[in-house]
Amino acid sequence: MDIKDLTIKKVQEGLKGKEFSAKELTDEYLKRIREKDGDIGAYLSVFEERALKAAGDIDERNAAGESLPPLAGVPVALKDNLLIEGAVATSASKILEHYVASYDSTAVRKIEEAGAVVLGKTNMDEFAMGASTENSGFHPTKNPHDPERVPGGSSGGSAAAVAGGMALGAFGSDTGGSIRQPAAFCGIVGFKPTYGAVSRSGLMAMSSSLDQIGPFARTVADAELLFDAIRGHDDLDSTSLDLPELEPLKKEDLRGLRIGLPKEYFGDGVSAAVAKGVEEAVEKLKRLGVDFKDISLPHAKYGISTYYIVMPAEVSSNLARFDGVRYPGLPEVEKNAETLRDLYFKTRGEGFGAEVRRRILLGTFVLSAGYYDAYYAKAQKVRRLIGQDFDNAWGGVDIIMTPVTPTPAFKFGEKTDDPLSMYLADIFTVSANLSGVPALSMPVKPYPLGGKELPVGFQLMGPRLSDKKLLHIGKFYEEE
Ligand code: GLN
């Protein structure tokens with residue numbers, strides 16, 4: 001079976017026309033995982049039996065003439081911070097190596113109700129903290145385009161699984177760029193929805209006011225179908241909401257569409273490859289009739305400093321629950337603890353990796369008496385200003401376009417000794433999380449599976465709740 005040009009639409013047609021069965025499709029992907037993932041390391045766990053059973057159920061329904069749900073038979077991968085009842089969920093942390101989830105996340109429940117076949121759980125930076133997947137407590141993941149380079153992070157495993165042809169689609173979480181940056185590094189599409197568009201119930205929380213679940217796919221059309229399956233209000237997450245229904249955009253609507261290019265995103269530090277790539281994308285959109293305007297988002301330069309105060313503050317609180325008592329997972333460490341206090345110290349000290357401990361310390365510091373006003377409270381005020389920049393921009397433009405990352409994928413080890421240089425990988429992505437707006441990362445041009453050239457991405461951001469519009473614009477770009 002040739003999966004090179006496979007899309008969700010082709011899966012729907014193929015199953016309907018009985019060209020292949022869901023089981024054959026799943027088998028093909030499982031085979032590719034067996035052959036390739038030893039080198040790439042995209043997965044932390046693979047569910048052969050469970051996947052084949054789900055595929056078999058779809059085939060039975062198809063044989064009985066039932067109409068199939070939208071993602072029927074679509075083989076997908078899930079980031080390991082999404083809970084599936086009865087399956088190990090580690091968030092790539094040693095402290096949760098043996099933790100088995102006791103309920104399904106809402107997103108996973110919806111994905112399975114839509115008929116998708118879950119192939120397994122993917123590698124990530126520990127608790128989603130990082131931009132290269134080098135912070136995984138288990139192993140790094142390689143970029144399928146160049147094994148000497150990182151796939152990005154923190155959802156690097158999900159991106160590599162799709163780019164390496166080891167899943168047709170995948171899901172990840174994006175707190176400061178963790179879907180968009182790995183998508184750009186791996187030459188695929190990644191989408192961070194409006195804050196609240198997807199329920200966070202059953203997503204292990206990193207920074208609750210920033211986290212969003214979203215899809216990875218090889219095309220925007222596929223990303224939209226994956227997103228449609230998971231979005232919507234959920235009683236289990238009071239921040240979740242329904243998007244307004246939108247008439248599908250027509251190609252003619254792109255004529256006169258106003259896209260802003262913020263000058264703060266095109267200055268020093270943007271590599272020639274990225275600058276050239278974004279320019280190519282601008283030219284292509286111009287051919288579709290889009291008008292471009294230079295704009296300014298004056299507070300964008302404070303994005304990283306604001307994010308690296310707000311995020312660790314929430315991390316320090318969210319990660320307080322993990323210890324050897326509520327989450328026993330380190331029997332060797334627990335055995336050596338002499339007192340209860342010792343048990344807490346040892347399990348948290350040894351179970352968490354260096355980056356996670358660093359952020360818990362930073363977060364505790366910025367929230368502590370005497371520093372709270374100077375750091376945390378001030379960062380919240382700047383966060384508001386960053387959001388207001390966007391609100392002001394929507395007066396003059398419909399959409400904002402920027403690079404996703406300053407450079408294409410970097411090499412292993414290049415940034416591990418200097419956490420600040422790693423943090424700067426998020427310079428163009430954090431503002432969307434701080435302000436809650438939707439953001440789509442797409443490759444400048446389509447990349448063949450395992451191609452040798454390094455991919456470059458560009459980012460489209462729109463007003464809150466404009467998710468579908470962004471995706472429709474992306475689809476026209478892709479067709480062009
Ligand atoms: N790379 C960013 C960080 O390290 C973003 C992480 C994310 O979006 N989960 O925090």
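Keep in mind the model is a prediction, meaning the values are calculated, not measured. Both counts, for ligands and for their atoms, begin at 1 and track the order of listing. For this chain, numbers begin at 1 and follow the sequence in order.
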Please list, one pair per line, the donor and acceptor atoms closer than 3.5 Å that link side chains of residues 409-420 to other protein atoms, with sequence neighbours excluded.
from, atom 1, to, atom 2, distance (Å)
Glu414, OE1, Lys411, N, 3.1
Thr416, OG1, Gly413, O, 3.1
Asp418, OD1, Leu420, N, 3.2

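Remark: the backbone N or O of Ser91 is not paired with any side-chain donor or acceptor of Asn81 at under 3.5 angstrom. Of the possible donor and acceptor atoms, none in the side chain of Thr133 sits under 3.5 Å from a partner among the backbone N and O of Met124.
By the ring pair (Phe, Tyr, Trp, His ring centres under 6.0 Å) test, Phe216 pairs with no residue at all, sequence neighbours left out. For Phe191, the ring pair (Phe, Tyr, Trp, His ring centres under 6.0 Å) partners two or more places apart in sequence, or in a different chain, are Phe227.
Residues Tyr43 and Leu119 meet the side-chain proximity criterion, which asks for heavy atoms closer than 4.5 Å.
Within 4.0 Å of ligand 1, protein heavy atoms come from Ala128, Met129, Gly130, Ala131, Ser154, Asp174, Thr175, Gly176, Gly177, Ser178, Met206, Tyr307, Tyr308, Arg359, Asp426.
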